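Worksheet: one structure, shown below.
Just so we're clear, the structure is a prediction, and the values are computed from it rather than from any experiment. The basis for the numbers below is simple: all heavy atoms, side chains too, and nothing from hydrogens, waters or symmetry mates. Per chain, numbering begins at 1; letters A, B, ... match sequence-line order.
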Amino acid sequence: MIQRVRTRFAPSPTGFLHVGSIRTALFDWLFTRHNGGAFILRIEDTDATRKVGGAVGAILDDLRWLGLDWDEGPEVGGKYGPYIQSQRLEMYREATRRLVAQGAAYNCYCSQERLEVLRAEQIKNKRPPGYDRRCRNLAEAERAQKEKEGITPVVRLKTPLEGQTTVHDIIWGDVVFKNSIIEDLVLLKSDGYPTYHLANVVDDHDMQITHVIRAEEWMSSTPCHILLYNALGYEIPKFAHLPMLLGKDRSKLGKRHGSVSILQFRELGYLPETMINFLALLGWSLDDKTEVMTCEDLVKNFSLERVSKTAAIFDHEKLKWMNGVYIRKLSHDDFARQSLPFLEKGLPNEVKRPLSISYVRQVLPLVQERARLLMEVPELTEYFFTDQLNYDSQLLLGKDMTAELTVWALRVAKERLEKQVSFDAASLELMLRPLAGELKLKAGQLFGALRTAVSGRTATPPLFQMMAVLGKECTLARIDDALRRLAGM
RNA sequence: GGCGCAUUCGUCUAGCGGCCUAGGACGCGUCCCUCUCAAGGACGAGACCACCGGUUCGAAUCCGGUAUGCGCUACCA
């Protein structure tokens, strides 16, 4: 029987989840869902010094927002728990004891100061930096002496001095490492916590992970992990290392590249489906043309074989474009619901809160295809909500239009509008379009003046729809205001 | 410095020996549509497939070297 796929996403709670980590989580998740496997979330909080309060909750929120659900892990439990490494310390210590007992690992009493001096000297002499294995073959008496001095040792893996270790990677193929360059890495730190390497191997085994899918930066330590699996007598999982995500300057994506935390994207008004789709395309592709895909499509088509090996630069421009695509795909209801918080927050203070939902529902369809970020919605719709328009009166004067001509056109339009009974877009167009001809004006000249009068802007949604939403009273008042402005010019 | 990996339009990518005078997308430009802005449509500019050799009747695709970039080289993950 074929083993059921089990993968895990194992973030450290050292701060916000950034898009690189999310991409890793996404590929893990897509692969798992594609194969009908189990996706496990594990919190790797083994660095007590870097732990950030509240980070775990934030990670969970972000994953939930994106729809990356986990089958085992914090809050949902599972039979291989606990899923937080700081609660599994005894298991790592037990593994360490076993390794030391069988001679595969040893206590190292070297101080961090000594290691630093050693490294500095090695670098100075242009030698490869690394631990010199001083404690590897300590005599029993020497060890007893160190213990008596009260030094708490770290435990290091005794790696083979010769031979080679091959990593079979689904994405990279076979990569061979000489054992001689593999260090005696620390397994258990002096504070009793395991290092990533130990905790990872022990947990992946205990949780029966079948596929270790993680970022490329782990490639180099994978041979060590294999050695560890072997020493512990564990079966080796399959590995797949994902290419890195880079910033515009080709360096590892980080804070200085602008928004990188998934929360920031959320606050800017990116949709989760955009993030999923876009991130899926960074290092993976379906074919030579398909780009916009639903999450279901991605699950259906995802395969590690089509993941590339080259690092990708995160392009905000394309992300924005794609978000526009997804915003346009939203139903009017969804768009309104999702925009509402942005409006409440982004509209000027003088606008009365709470906003009228029914009015918001009328306004938003007019800007849906014009927004690329939800955050742009308040700015795009502001004049629908404010009482007083603020604009440069010069804008009232369109191309080839004098102030006199504009006043005249607006007056006539106003008179007709006052008599207008049905104030819907179609009726308004039926009335106003012929009026332009009647006044011997181009449609653009009449409509342009009205557009500015009614919105204070030169770029807006279609005039008649806008007037219909604004309503008769407001439309007329704004035309009056425009006429007053023109009188003062 | 050492080890590993990578290198196709500015960017994301297709390509796995002949279909490639290299395809798609973002961005950019022009035009169409049009009451403006978007959206949509059409067209275009943009890649000597990093470079140099080799294998082959034939190479972006295979091999070797060089260059460049990236990752790792912590009692961080």
Taking the side chain as every heavy atom from C-beta outward, state whether A:L428 and A:K472 have any atom pair closer than 4.5 Å.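 SC-SC contact between A:L428 and A:K472 ruled out.
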With a 4.5 Å cut-off on side-chain heavy atoms, are A:P462 and A:E429 touching?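 When only atoms from C-beta onward are counted, A:P462 and A:E429 do not touch, as no gap falls below 4.5 Å.
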Aromatic contact, A:F278 with A:F314 (centres under 6.0 Å):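 Yes, ring centres under 6.0 Å apart.
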So what does [X] hit on the nucleic acid, given a heavy-atom distance under 4.0 Å: a base, only sugar-phosphate, or nothing?
X      : result
A:G283 : sugar-phosphate
A:R328 : sugar-phosphate
A:I181 : sugar-phosphate
A:E291 : base

Return the value, rounded to whole Å, for the distance between atom [atom1] of [X] and atom [atom2] of [N].
X      : N     : atom1 : atom2 : result
A:E379 : B:C37 : CD    : P     : 16 Å
A:D315 : B:G27 : CG    : P     : 9 Å
A:L281 : B:G24 : CG    : P     : 16 Å
A:F177 : B:G2  : CZ    : C1'   : 13 Å
A:M466 : B:C35 : CE    : P     : 14 Å
A:Q164 : B:C3  : CD    : C1'   : 14 Å

Quick check for you: among [options], whose closest atom lies nearest to any side-chain atom of [X]?
X      : options             : result
A:F464 : B:C37, B:G1, B:C35  : B:C35
A:K309 : B:G1, B:A6, B:U36   : B:A6
A:D288 : B:C3, B:C12, B:G23  : B:G23
A:A443 : B:G23, B:C26, B:C35 : B:C35
A:A459 : B:A14, B:G24, B:C37 : B:C37

Same-atom distance ([atom1]) from [N] to [M], integer angstrom:
N     : M     : atom1 : result
B:C43 : B:C19 : C1'   : 25 Å
B:A14 : B:C72 : C1'   : 31 Å
B:C62 : B:A6  : P     : 11 Å
B:C52 : B:C57 : P     : 23 Å
B:A50 : B:C5  : C1'   : 16 Å
B:A77 : B:C20 : C1'   : 44 Å

Using a 4.0 Å heavy-atom cut-off, write out nucleotides 66-77 of chain B from 5' to 3' as B (base contacted by protein), S (sugar-phosphate only) or - (no contact). ----SBSSSBBB
For A:E379, check side chain to side chain contact (heavy atoms under 4.5 Å, CB included) against everything at least two apart and list the hits.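 A:E379 satisfies side chain to side chain contact (heavy atoms under 4.5 Å, CB included) with A:E382, A:R457 once adjacent residues are dropped.
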Ion pair A:R8/A:D203, N-O distance below 4.0 Å: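 Here A:R8 does not pair with A:D203 in a salt bridge, since their nearest N and O are not under 4.0 Å apart.
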Heavy-atom count around A:R134 CZ within 6.0 Å, excluding the residue itself: above 12?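 Counting other residues, nucleotides and ligands, CZ of A:R134 stays at 12 neighbours or fewer.
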First of A:K289 and A:R306 reached from the 5' end of RNA chain B, by closest nucleotide: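 Its nucleotide being nearer the 5' end, the pick is A:R306.
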Look only at the side chain of A:N277 and the backbone of A:M293, and say whether a donor-acceptor pair between them is shorter than 3.5 Å.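 Checked: pair present.
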Checking side-chain contact (heavy atoms from CB on, under 4.5 Å) against A:H241, which of A:V212, A:T222, A:T24, A:I171 comes through?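 It is A:T222, the one option of A:V212, A:T222, A:T24, A:I171 that forms the side-chain contact (heavy atoms from CB on, under 4.5 Å) with A:H241.
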Any A:T460 side-chain N or O less than 4.0 Å from OP1/OP2 of B:C37: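 Checking A:T460 against B:C37: no side-chain N or O falls below 4.0 Å of OP1 or OP2.
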